[in-house]
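To keep things clear, I will list the structure first and then write my remarks on it.
When a ligand or atom number is given, it counts from 1 through the structure's own listing order. We number each residue from 1, following the sequence as shown.
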Amino acid sequence: MASSPIIALYITICCLAFVMSKITISFLLYKRWARKRTIIDDTLSSGRMVIFRSPATQSLSSKAFMKKTMKLSNKDIIGSGGFGTVYRLTVDENTAFAVKRLNKGSKDIDSGFERELDAMGDIKHRNIVCLHGYYIAPQFNLLIYELMPNGNLDSFLHGKLSKQSPLDWATRHRIAVGAARGLSYLHHDCLPHIIHRDIKSSNILLDQNMEARVSDFGLATLMHADQTHVSTVVAGTFGYLAPEYFDTGRASTKGDVYSFGVVLLELLTGKRPSDESFVEEGTKLVTWVRDVVQDQREEHAVDSSLGSNFSVEEAKAVFHIANQCLEADPSKRPTMIKVLKMLEKSRSKSLNN
Ligand SMILES: Nc1ncnc2c1ncn2[C@@H]1O[C@H](COP(=O)(O)OP(=O)(O)OP(=O)(O)O)[C@@H](O)[C@H]1O
């Protein structure tokens with residue numbers, strides 16, 4: 001049997017080892033915390049954070065925001081596009097933002113960030129996604145947006161959600177009117193006017209009430225009131241680009257009207273502009289619909305997921321509006337103010353019957 005001094009020695013060694021391990025772990029944890037703090041402090045001091053004051057951001061300090069941003073990981077990603085990755089940033093159970101991270105290094109991405117700031121800085125409109133702030137650092141930029149809980153229209157029309165929760169006719173119509181109102185505001189009420197240049201269903205986001213919000217101003221171009229167009233490098237998304245813009249690089253509000261016409265066709269038919277079936281038949285959504293309207297077969301082209309739960313008269317009216325937006329000659333296309341009025345009328349007409 002071991003004598004009691006030896007047992008006492010063992011116990012002392014064990015206690016010492018326990019205390020030492022605790023001290024080592026605490027030291028390592030402290031170093032990790034201090035390193036993170038330094039990274040946050042360095043990032044904050046080398047960058048510039050601007051948070052626009054509003055009820056949504058009043059409880060948020062730049063430092064608290066940066067801390068949360070540093071913790072973002074792949075599981076927080078809600079989308080990604082040609083210019084960057086969008087994360088969900090949760091502040092507390094009632095507050096969350098969408099943060100778009102744009103890595104620096106490419107001229108396109110840097111100018112996308114500047115365009116987005118120029119265009120969105122002062123905009124407050126119920127059909128345009130709200131920019132709450134931004135952050136400029138040497139390695140990356142951040143844009144802080146209001147979070148749209150229902151994601152984008154593209155997922156509801158063509159993604160998983162099109163099967164799980166297909167949009168009913170009233171919602172589709174409301175989305176069309178909301179997006180038209182947002183676009184009309186950019187074209188006619190903002191000074192200088194704003195040409196979006198990338199209107200498509202994935203850039204129409206949906207708030208908690210399924211109201212449309214125009215988003216993604218990475219290609220937006222400012223146009224002074226006395227200008228009819230702005231010459232740019234052709235950019236945007238295949239299937240949505242107006243023919244004259246594609247051919248000449250002349251961007252105008254009428255180019256957005258064309259892209260909006262394509263979105264109307266998506267809402268009506270549930271088909272993508274570049275749907276494979278069209279490619280196989282050597283046609284495209286726009287041409288197919290033109291033929292359908294000419295043959296007065298509109299109700300057969302309406303998204304089958306609607307069944308018979310839509311107003312034929314109203315659908316015909318919206319097909320007609322879409323076709324006007326898709327006129328090959330831009331001068332024959334209506335302005336967005338006119339499109340908005342026609343869309344509003346098409347609904348109230350059927351509601352009154
Ligand atoms: N404020 C937001 N709230 C919720 N989701 C958002 C928000 N902003 C963007 N998203 C999601 O992130 C996706 C990517 O957005 P982003 O604007 O970067 O690219 P995109 O429009 O899909 O593509 P590209 O920039 O190449 O045209 C969107 O389609 C949308 O689903």
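Within ligand 1, counting atoms from 1 as listed, the ones closer than 4.0 Å to a heavy atom of Ser80 are 14 (C). The atoms of ligand 1 that sit less than 4.0 Å from any heavy atom of Tyr145 are 1 (N). Interface of Asp198 with ligand 1, defined as ligand atoms under 4.0 Å from a residue heavy atom, comprises 27 (O). In summary, the atoms of ligand 1 found under 4.0 Å from a heavy atom of Lys100, numbered by their order in the structure, are 16 (P), 17 (O), 18 (O). With ligand atoms numbered from 1 in the order given, ligand 1 contributes 20 (P), 21 (O) to contacts under 4.0 Å with heavy atoms of Asn203.
A heavy-atom distance below 4.5 Å is not found between the side chains of Lys71 and Lys68. Contact check for Glu314 versus Trp169: side-chain heavy atoms found under the 4.5 Å cut-off. Using a 4.5 Å cut-off on side-chain heavy atoms (C-beta onward), Cys130 and Lys124 make contact. Inter-residue side-chain proximity for His188 and Thr335 is flagged as met; some heavy-atom pair is nearer than 4.5 Å. A heavy-atom distance below 4.5 Å is not found between the side chains of Phe310 and Asp168.
Counting protein heavy atoms only, atom 19 (O) of ligand 1 is closest to Gly81 CA, 3.4 Å. For atom 22 (O) of ligand 1, the nearest non-hydrogen atom of the protein is Ser202 OG, 3.9 Å. Ranking protein heavy atoms by distance to atom 7 (C) of ligand 1, first place goes to Leu205 CD1, 3.3 Å. Looking only at protein heavy atoms, the nearest one to atom 1 (N) of ligand 1 is Glu146 O, 2.8 Å. Scanning all protein heavy atoms for the shortest distance to atom 26 (O) of ligand 1 gives Gly82 N, 2.6 Å. The nearest protein atom to atom 3 (N) of ligand 1, hydrogens excluded, is given as Met148 N, 2.9 Å; this is a heavy-atom distance. Here the heavy atom of the protein found nearest to atom 10 (N) of ligand 1 is Val86 CG1, 3.9 Å. Given atom 27 (O) of ligand 1, the protein heavy atom at minimum distance is Lys200 NZ, 2.9 Å.
Of the candidates Asn152, Ile78, Asp216, Asp216 brings a heavy atom nearest to atom 17 (O) of ligand 1. Nearest-residue assignment for atom 2 (C) of ligand 1 (options Ala98, Gly151, Gly159, Ser201; heavy-atom criterion): Ala98.
There is a side-chain donor-acceptor pair under 3.5 Å between Thr237 and Asp198. Donor-acceptor pairing under 3.5 Å is lacking for the side chains of Asp154 and Ser202.
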Worked check of side-chain contact (heavy atoms from CB on, under 4.5 Å) between Val312 and Glu298 | CA-CA 8 Å; Val312 175; Glu298 291 94 328; over 6 Å; no

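In terms of polar-atom proximity, defined here as any N/O pair under 3.5 Å, Thr237 makes no such contact with ligand 1.
Asp207 and Asn150 get closest at one heavy-atom pair: O-ND2, 2.8 Å. Contact detail for Tyr185 and Ile123: the closest heavy-atom pair is CE2-CG2, 3.8 Å.
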